[in-house]
Amino acid sequence: MRVKIHREGTNILIILMAVLLLINLPLWIWCLDIIWLPITVLVISTIFYLLVANFFRSPHRDFPGNPENAVVASADGKVVALEEVYEPEYLKCRCIQLSVFMSPLNVHANWFPVDGEVIYYKHHSGRFMAAYLPKSSVENERSTVVIRTPEGQEILMRQIAGAMARRIVTYARPGDEAAIEDHMGFIKLGSRVDLFLPLGTDILVKLGDATIGGVTQVGLLHPAR
């Protein structure tokens with residue numbers, strides 16, 4: 001599995017490096033008589049920089065299973081909701097909602113959950129309450145994307161900002177091709193991704209399970225139903 005820095009973090013890491021150099025260099029020039037000070041600041045700066053770089057890591061992943069009718073986790077994290085609900089924005093029917101919460105330590109790139117074609121996109125302004133709360137799905141700032149599979153199933157994916165996340169990036173637009181191994185967006189800091197799946201979908205995870213975006217199969221669609 002190859003890992004690189006996500007493009008959303010490139011400028012941030014360059015600026016952060018410059019700021020940390022401006023803080024550390026004067027200490028190493030003028031404070032060598034109290035050597036513990038520049039060493040301490042350097043260690044703290046290095047750890048902080050590595051934590052930020054870790055947040056923006058962008059692994060390339062290959063789905064190991066059969067992509068036909070597969071629903072794959074769109075994010076790294078933990079399953080925090082799995083229930084039958086009514087989806088009012090686009091699908092306007094009862095669905096299975098499967099939600100994954102991402103902590104600040106998780107990869108924050110988001111993958112398409114199914115192969116197909118993007119047919120809907122909309123960004124909603126909103127609040128920034130904790131993303132693990134159920135009402136964050138309809139009250140927080142969020143982006144909604146709907147993908148139609150080759151078999152005609154419509155899968156709704158929603159990126160949700162959290163208490164710390166202040167920016168949702170969504171690359172998908174209507175007409176785009178969706179593929180399980182491609183990134184569809186990125187959310188900065190702790191956040192959540194909801195999937196709304198047709199009733200009758202076989203769910204392959206349970207509450208509390210850990211998921212790996214682009215790798216963990218969370219469901220199996222049955223278009224014939």
Side-chain angles (χ1 to χ4, degrees), residues 63 67-102 108-127 131-162 165 168-187 191-205 207 209 211 213-214 216-225:
F63 177 57
E68 184 176 359
N69 295 323
V71 182
V72 180
S74 291
D76 289 15
K78 182 174 71 172
V79 178
V80 294
L82 185 56
E83 58 185 333
E84 182 179 325
V85 299
Y86 180 80
E87 199 294 303
E89 179 181 348
Y90 179 89
L91 299 175
K92 301 186 187 303
C93 64
R94 296 197 69 78
C95 312
I96 300 172
Q97 178 181 336
L98 193 160
S99 303
V100 172
F101 176 75
M102 294 174 281
H108 272 60
N110 300 147
W111 283 259
F112 286 106
V114 292
D115 291 340
E117 179 186 359
V118 178
I119 60 173
Y120 175 83
Y121 160 76
K122 188 171 183 179
H123 178 84
H124 305 266
S125 298
R127 302 169 65 185
Y132 57 80
L133 296 174
K135 58 184 178 181
S136 67
S137 181
V138 294
E139 294 188 17
N140 276 22
E141 179 156 344
R142 60 203 182 276
S143 286
T144 301
V145 171
V146 178
I147 304 110
R148 181 181 291 133
T149 70
E151 292 76 20
Q153 298 277 54
E154 293 183 349
I155 309 303
L156 188 147
M157 174 181 173
R158 182 169 291 140
Q159 298 171 286
I160 302 169
I168 297 173
V169 181
T170 307
Y171 307 132
R173 292 295 185 272
D176 289 351
E177 180 182 352
I180 287 171
E181 295 176 353
D182 291 343
H183 289 171
M184 66 77 62
F186 193 95
I187 312 179
S191 43
R192 166 175 161 175
V193 172
D194 290 350
L195 298 180
F196 292 85
L197 309 173
L199 297 180
T201 300
D202 289 340
I203 303 301
L204 307 179
V205 292
L207 285 175
D209 280 358
T211 62
T216 304
Q217 184 171 351
V218 297
L220 180 66
L221 300 171
H222 293 280
R225 297 182 185 177

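The shown structure was predicted, so the numbers you read here are calculated from the model rather than taken from an experiment.
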_Partners passing side-chain hydrogen bond (donor to acceptor under 3.5 Å, both in side chains) against T211 (at least two apart in sequence or in another chain)_ = none
_The criterion is side-chain hydrogen bond (donor to acceptor under 3.5 Å, both in side chains); which residues satisfy it with T144, sequence neighbours excluded?_
E89, R158
With sequence neighbours excluded, what pairs up with [X] under the side-chain contact (heavy atoms from CB on, under 4.5 Å) test?
X    : answer
A178 : F112, V118, I147
L207 : V79, L82
E181 : D62, F63

*Do you see a donor-acceptor pair shorter than 3.5 Å between the side chains of Q153 and H222?*
no
*Go through the structure and list residues passing ring pair (Phe, Tyr, Trp, His ring centres under 6.0 Å) with Y120, not counting sequence neighbours.*
Y90
*Can you find a pair of side-chain heavy atoms, one from L197 and one from I203, that are under 4.5 Å apart?*
yes
*Report yes if the side chains of N110 and M102 come closer than 4.5 Å at any heavy-atom pair, otherwise no.*
yes
*For Q97 against D194, the heavy-atom pair lying closest together*: NE2-OD2, 3.5 Å
*Could you note down all residue pairs passing salt bridge (charged side-chain N to carboxylate O under 4.0 Å, His left out) where residues 67-80 supplies at least one of them, sequence neighbours left out?*
R61-D76
*Enumerate the residue pairs fulfilling salt bridge (charged side-chain N to carboxylate O under 4.0 Å, His left out) with a member in residues 146-155, sequence neighbours excluded, ordered by first and then second residue.*
R148-E154
*Check whether more than 12 heavy atoms from other residues, nucleotides or ligands sit under 6.0 Å from atom CD of E117, and answer yes or no.*
yes
_Once salt bridge (charged side-chain N to carboxylate O under 4.0 Å, His left out) is applied, do any residues pair with D182, and if so which ones, sequence neighbours excluded?_
none
Using atom types as modelled, flag every donor-acceptor pair under 3.5 Å from a side chain in residues 168-175 to any protein atom, sequence neighbours excluded.
{"unit_1": "T170", "atom_1": "OG1", "unit_2": "S143", "atom_2": "OG", "d": "3.3"}
{"unit_1": "T170", "atom_1": "OG1", "unit_2": "Q159", "atom_2": "OE1", "d": "2.5"}
{"unit_1": "Y171", "atom_1": "OH", "unit_2": "R7", "atom_2": "NE", "d": "3.4"}
{"unit_1": "Y171", "atom_1": "OH", "unit_2": "E8", "atom_2": "OE2", "d": "2.8"}
{"unit_1": "R173", "atom_1": "NH1", "unit_2": "T170", "atom_2": "O", "d": "2.9"}

